[in-house]
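I have placed the structure first, in the form of structure tokens, so that the comments after it can refer back to it.
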Amino acid sequence: MAFKERVFSGVQPTGNLHLGNYLGAITKFVALQDTYDCIYCVVDLHAITVWQDPPELKRTIREVTAAFIACGIDPKKQIIFNQSQVAEHAELAWVFNCVARLGWLNRMTQFKEKAGKDRENVSVGLYAYPNLMAADILVYRATHVPVGEDQKQHLELSRDIAQKFNVDFASSIASNGYGEQFFPLPEPIIQGPATRVMSLRDGSKKMSKSEPSDYSRINLTDDADTIAQKIRKAKTDPEALPSEEEGLKPRPEADNLVGIYAALNNTTKAAVLSEFGGAQFSTFKMALVDLSVAKLGPIGSEMKKLVQDPVYIDSILADGSARASTIAGETMKAVKDIVGFVRRS
Ligand code: TYM
């Protein structure tokens, strides 16, 4: 069955947005808006699966919204909103809690990493998080989901949930006039040279909002001096850059910086190496500083300007939420019919 093509993705309002979020996800969001109807969500319900300070949560919801706009997403053409304003996300997540199997969630590596040894003490929400993520996507019956590499397993789970719902309720889907399959199986879009940006301090760890050292990441709001300092201090090895991509394989830090350069410059690692192969890191890092400051500087300044105007940001979120609610409401009505709930007509 053909579904209307639609893009959905989300970013958590927790801590600082960094280069990994930008290159792995937000640049893709911007590129896709020319060809698709897109819905971009600040996933605040996901954020509270771990403790959030309430005033800080409000601030970061607005900051992520500002980042979307500053990076170039058009809030008039596309939908930008925060998840908690559209109740259907939580409603569909409950239905999916009853579709997904415990064994499926037990396999989620991100939960294992986040819960660590303190498993008994983490929230139930953190465990059920992937079901909410499936609901985020499927409440809009979205077909394409741009994400970084770390979300791949969650996307596979979303597909499994969609598939099981379609199979379990096949006869009800048909008898209620919703065709053969109700949910599409959403496709992840994980492409380009920076789908997994690594820490600047350790090439074996993902760049992340929660890493204690700020030197491990470049934040979207870092100023030029801070960006320069972080890149200069980034861990490297003593060798010159190789001329071929093959030569990056045993060198995670070199691979990471070349990938960042390639993604920022909208090119490939091979093209970067044909320019910088044989160069010392001192030379390459100077070029990377210039490129990073040129690309990120204007975004950081625009974000800082936008967050000064919370009334404007809140109006974007209210408008986006109203438009998102219309689509989500239609899906939830159908889901209620399919599951067998009695609803107000
Ligand atoms: P979050 O908020 O951790 O990250 C937002 C996006 O940034 C990507 N990303 C990275 N990409 C490359 N390198 C990195 N080091 C890096 N760190 C983060 C993430 O892959 C993500 O695309 N569960 C999601 C949010 C979410 C969502 C959804 C996404 C909730 N519902 C529905 C898509 C569809 C998350 O925690 O992303």
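Positions are given from 1, in the same order as the sequence printed here. Order of appearance sets the numbers: ligands from 1, and atoms from 1 within every ligand.
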Salt bridge (Lys or Arg N to Asp or Glu O under 4.0 Å) partners for Lys333, two or more places apart: Glu330
Kindly print each ligand 1 N/O atom paired with any protein N/O atom under 3.5 angstrom away, one pair per line, or none if nothing qualifies.
residue, atom, partner, partner atom, Å
ligand 1, 2 (O), Gln12, N, 2.8
ligand 1, 2 (O), Lys209, NZ, 3.0
ligand 1, 4 (O), Asn21, ND2, 3.3
ligand 1, 7 (O), Asn21, ND2, 3.1
ligand 1, 11 (N), Gly20, O, 3.1
ligand 1, 13 (N), Val197, N, 2.8
ligand 1, 15 (N), Val197, O, 2.8
ligand 1, 15 (N), Met207, O, 3.0
ligand 1, 20 (O), Gly148, N, 2.9
ligand 1, 20 (O), Asp150, OD1, 2.4
ligand 1, 22 (O), Gly148, N, 3.2
ligand 1, 23 (N), Tyr129, OH, 2.6
ligand 1, 23 (N), Gln151, OE1, 3.1
ligand 1, 31 (N), Asp136, OD2, 2.7
ligand 1, 36 (O), Gln12, NE2, 2.9
ligand 1, 36 (O), Tyr129, OH, 2.7

Pairs flagged by ring-ring contact (aromatic ring centres under 6.0 Å, His included) wherever residues 103-125 is involved - sequence neighbours left out: Phe111-Tyr127
Looking at Gly179 and Ile173, what are the two nearest heavy atoms and their distance? O-CG2, 3.3 Å
Assess the side chains of Ser325 and Glu88: does a donor N or O sit below 3.5 Å from an acceptor N or O? no
Give the table of side-chain donor-acceptor pairs shorter than 3.5 Å for residues 270-283, with sequence neighbours excluded, one pair per line with atom names and distance.
residue, atom, partner, partner atom, Å
Ser274, OG, Ala271, O, 2.9

Answer with yes or no whether the side chains of His18 and Asn219 bring together a donor and an acceptor at under 3.5 Å. no
